[in-house]
Each structure stands twice: as structure tokens, then as C-alpha cells.
Amino acid sequence: MVPGDGSWEDEQRLLAAAFGGLAAGVFILDADGRILAVNPRAEELLGRGAAAMTGADAHGLLHRGPEGAAVPRAQCSLLAVVETGRPTWGASDAFLTGDGRVMPVRWSAAPVMAGGRPVGMAVLFADVAGSSAPVGPEAAQVSLLKDLTERLTLVGAITEVLSETLDVEEAVDRLGPLLVPELADWVAVDLRTPDGEVRRVAVLGPSGRDSALEAWRGPLPPPTALSRSALVRVLQGAQPLVLGTQEMAEPPDAPLAAVQAGFLRALGATSAAVVPLSSAREVTGAITAVRTGAGRPFTQGELALLADIGHRAGVAIDNARLFGEQRDIATAMQHHLLTELPRGPGMELAARYQPAPAGSRVGGDWYDAFPLSLGATALVIGDVIGHDLQAAARMAQLRNILRTLAWDRHEEPAAVVTRLDDAMTSLTDIPMATMVLAYAEQTPKGPWRLRWTSAGHPPPLLLPAAGTPSHSGAAHYLEAGQGLILGAGGDPERPNGTENLPAGSTLLLFTDGLVEAPGTDLDAGLERLRRHAASMAARPLEEFCDQILRAVPPGSTDDTALLALRVPPN
């Protein structure tokens, strides 16, 4: 719940659960001083409803001087909390109520932190005239405010961390260290599998995953409908539950209850909280938080906090699962569309496709090769803009249109791609795409020749035959034939490139996932690939492709396709 993230309803629900009974008013501000949420006592004191205050500038709406005059924004000590990152308080200010009354208040404010920086603040305040519980630097009130901001910071950190991954196991691994030791001594995470089974996927303690407790991980007995076990009930949709020593000592009434009782006993649990991992679609699992120290039972406020965390984690896990399903479908679609390569006389072809790393987005990269009617072989490498299942479907559209256009007429590659650009704009909703279309053919006099055009795509790489003297040519990119990206409005003068392919040489077509990763330099990636490919040019073509694919830069979030041609030796 970093200010500005998540919904107001989530923030208000957590505040109401954890701080609804406070005698002091509470409101949360973002870094710009806008009100994000208030507790019921703040609504009562200010005579304003939460909906009316949410989104308003707190300084302009509420803050007044001792005599009711407006306070210059530059002199607002309340707003300075975000700038300085330090708690502060005031005892001589006033807040303007909904009925126009100037209410003298005492207030304390502390920053809410995320990523090591203040992103908002929490404010406690009380009516000086009408409250017997003043809010100032007194130890109890400062402790309460510190507890509030630490909890908001914790939930904000969890939201931020979980939003950065689309991998279920990684989400679980990131969750544990944020809960231990901040809220619990131990945490167990149980997930429902897509086929309905329940697995304990993590047991995390003060040192992270504990090898001594690995036996508690793995498949769990199925939840029994009539069991009174807190874990069973939560997995079946019940509200979060807190267990004391008496509840944990009750005889188990089902196999899953027996496993959970043994687990809590092995940890020496004195208090446990069980909350669902839930999303709008389903309950995906449960978190069991455990404390082992005496006199530290989970409170209802802490249970509400854990429930909020469970909901956020459940949404992240559900999103990761949905992404995984989508990614598997897209990968299967891409592999299905990447047909077998043709076999020409003497010419050797090999290709590879590697989907985006787990937790990354699906792309629309593809390769293709097919014979043309006059004896040449068409070589294609391309990338449809976009990173989802729709990009893979669009890739299939573009691939099929290109095959038809290339076969239909005996034209230069640039003319075919020009017509492809027109067809893509008129017949599809593909916004943009890059590609190289090349024709490889043996000329009547014997040498092989390449004709190609590039629509905003990385250039092909030509590698001389292994053992070729350096003066006869070095590995180099074919920079000619560069035209505009498809979907950019057309290129009336789209160029062709022409190059003889020396005997034994290797031509490599590839997508940008092979040379580029977030935060890296494209030119450096191209040079790295050139050197690596040149060192592998003597390898058999299939092995060459395997080695090239291993050169994908660390941190790449894109899928990668490559197509290689080996010209026959003399």
C-alpha cells in the first residue's frame, strides 16, 4: 500500500480494520500531500466523509494556523515530513472542519518509506479542546504512529516486490523475507495446484528456507469439507483466523489438520495466524504465520495486515499463473508455426527459437524459410511489436501474408516487403513489425548470391568460411538494404541489398533478443555477437546455432529467433 499504489478501497479497509478503534484521527498522504485514506475517527473529528477528502490536498483543505488563517505552503511543517524523511509533530495548529469551524489540534506525522525514500506520510491528530488523549511527542503516541508507518511501509514493500515478478516460485521466495521477522518468526506458504491438490511450497524462518524443515514441504492431504482446522477452512474460503495455544492443542480431525498440527508443534508455536492467498478469481493458497515467543499473540490488527498481504500475494500468484498459461499457449503456437526448414541442393539451413525467460513477457519473434518458384530460397527473420499472446497471433498473420506475396510474383525482396507493408496496414491490426526478407540462390556461373531488404531489423551477419585468410574478408554485418519499419507509413524507396556469399560462408539472421537486454548498448551487443559468431564459424551448423543461442545477454526479457545458412564449400 505505497501511497498512490493499489485501490483506495484496499487502503480504507486496512485502516478501518487496524486503526478503526483509535481515539485519534488518522489520515494517509502521498508525497504531494494528497489524502489517500482516513480512519473513521478522522471523519468524525473533521466532519467530512472519507470519499469527500480522498484525493484532496490536505494542506489546502485542512491546515490552518492557530487563529484560523491559511498557512503558506512553504511554511507547512506537516508537508516537510516527506521532504526530510523525519517524524515531527505540532501543537499549535488547527484543522478546518466540514462545517467551517477551526478546530485546534495536536498532531504527529511520520514518513512512509519505499525503496529507502519517503513516498508519503501517516498523520495522527486529536481535537485539543475535545480530546482527553492528546497527540504529541508522548512515547505511547509516537510508538503508535511508528507502528502505523512501519506497517504501511511493509505492505508497500510487499506490493512493490510482488509486482516485479510473474513467476510463482519467485513471488513466494520474495514474500517470506518481508514477513520474517517483521511480523512472524516462521512462515509457511501453501498453494493449490491447477489440478486441485495442495502443496506446501515454502517454510521460511529467520534464516530463510530451513533445511531442517524441508520434510514439511511437498504435497499435503486434500482439505476435508467438514474439518474444523483453520488451514482447511481458509483454503475453502473462510476468513483469516488467529490460533492460540488452546486452539492449536485441539485433536486434529482430518489428515491435513494432523499435518498442520505436527508442523506447529515442531516449531514450538505459541500463536499462529492463517490467511488466504486470494484473488478475485479464487483462493490460490494460504499463509501460516507463526510466533514462538511467549506473550506475543497475533492481534486482530496484525491479522488484518496479514490478510491484506495475503490478498496482494494471491493476486500476484494468480497473475503469474495466468501469464504462465498464456506464455505456454504462445510458445506452443510459435513452435507450431516455425515449420521444418527446406532442403536445397548443397545448401544447409538451421534455426532456433528460444522463448522469453520465465517471468518475462511473450514476444512475436519468428523465422521462416521456403523455396520460391524460380529456384531461390526465401529466408525470413522478423519481430512483431508487442509482448503477449496477441503478438504471437499477429506474427502468424504476417508470416502467412508474406509467404503468399513472395510466392505470387517474381519480384525483388524490397517490392514484396513494400506490398506486405500495405497489406499489413489494410488487412490487420498489427501496429508495427521489423523483418528481413532475403533470397539465397546459386547464380548460373556458380557462386551463391544473396538479395535482401530490411524493414528496421538488425542486419544479417556474414561469416567467411573457417580458415579463410583475413585479407579475403572478415565477419561483417550486411548494412545495405535498410528501410523503414513496417507500419511506419510506408517506404516508397525501400532498398535492396546484394552480396555474393563465398563458398563455405555462414549467414546468420537473428532477432534483437540475441544482442540486446534492458540497460545494455545495442552496438556493443552487435560487436559481441560478431566476435562470438566468428569464433564458432568452424562448428557444424547445428552446433553453431546452439552456441550462438547461448550468447543471449544476461537479463534479456525478450524471446529470440535465429536462422543460419551455410553455403556449400568449393
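Computed from heavy atoms alone, side chains included, the values below leave out hydrogens, waters and symmetry copies. Please read these numbers as outputs of a predicted model, since none were measured by experiment.
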Can you tell me how far the [atom1] atom of [X] sits from the [atom2] atom of [Y], to the nearest 0.5 Å?
X      : Y      : atom1 : atom2 : answer
Asp383 : Met432 : CG    : CE    : 13.0 Å
Asp57  : Asp32  : CG    : CG    : 9.0 Å
Arg48  : Thr54  : CZ    : OG1   : 12.5 Å
Ile35  : Asp30  : CD1   : CG    : 10.0 Å
Arg528 : Leu514 : CZ    : CG    : 9.0 Å
Trp186 : Phe263 : CH2   : CZ    : 8.0 Å

Side chains of [X] and [Y] in contact at under 4.5 Å (non-hydrogen atoms):
X      : Y      : answer
Arg192 : Arg199 : no
Val275 : Val234 : no
Met103 : Leu46  : yes
Val201 : Asp190 : no
Val198 : Leu235 : yes
Pro431 : Arg394 : yes
Val123 : Val26  : no
Asp93  : Trp107 : yes

Selection residues 280-296 - residue pairs positive for side chain to side chain donor-acceptor pair (under 3.5 Å), sequence neighbours left out: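 For residues 280-296, and leaving out neighbouring residues, the side chain to side chain donor-acceptor pair (under 3.5 Å) pairs sorted by first residue read Asp185-Thr292, Asp185-Arg296, Gln260-Thr288, Arg281-Asp318, Arg291-Glu302.
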Output yes when a side-chain donor or acceptor of [X] lies under 3.5 Å from a complementary backbone atom of [Y], and no otherwise.
X      : Y      : answer
Glu247 : Gly244 : yes
Thr511 : Thr560 : no
Thr97  : Gly47  : no

If you look at every heavy atom in [X] and [Y], which pair is closest and at what distance?
X      : Y      : value
Leu79  : Met121 : CA-CE, 4.0 Å
Ala238 : Pro276 : O-CG, 4.3 Å
Leu231 : Ala286 : CD1-CB, 3.8 Å
Met395 : Asp365 : CE-O, 4.1 Å
Leu277 : Ala313 : CD2-CB, 3.6 Å
Val38  : Ala50  : CG2-CB, 3.5 Å

Does the pair Phe298 and Leu303 meet the rule for a side chain to side chain contact (heavy atoms under 4.5 Å, CB included), with working shown? CA-CA 7 Å; Phe298 285 102; Leu303 184 65; 5.7 Å; no
Does CZ in Arg228 sit with more than 12 non-hydrogen atoms of other residues, nucleotides or ligands closer than 6.0 Å? no
Step-by-step side chain to side chain contact (heavy atoms under 4.5 Å, CB included) determination, Gln236 to Val232: CA-CA 6 Å; Gln236 292 178 340; Val232 173; 3.9 Å; yes
If you apply the rule side chain to side chain contact (heavy atoms under 4.5 Å, CB included), what do you find for Ile287 with Val274, and how did you get there? CA-CA 6 Å; Ile287 298 174; Val274 184; over 6 Å; no
Applying ring-ring contact (aromatic ring centres under 6.0 Å, His included) as the test, list every pair that has at least one member in residues 38-61; sequence neighbours left out. His59-His63
Run the salt-bridge test on Arg106 and Asp127 with the 4.0 Å N-O cut-off and return the result as yes or no. no
So, Asp253 and Ser227: side-chain donor and acceptor under 3.5 Å apart, yes or no? yes
Show your working on side chain to side chain contact (heavy atoms under 4.5 Å, CB included) between Phe95 and Leu61 and close with a plain yes or no. CA-CA 8 Å; Phe95 287 166; Leu61 181 68; over 6 Å; no
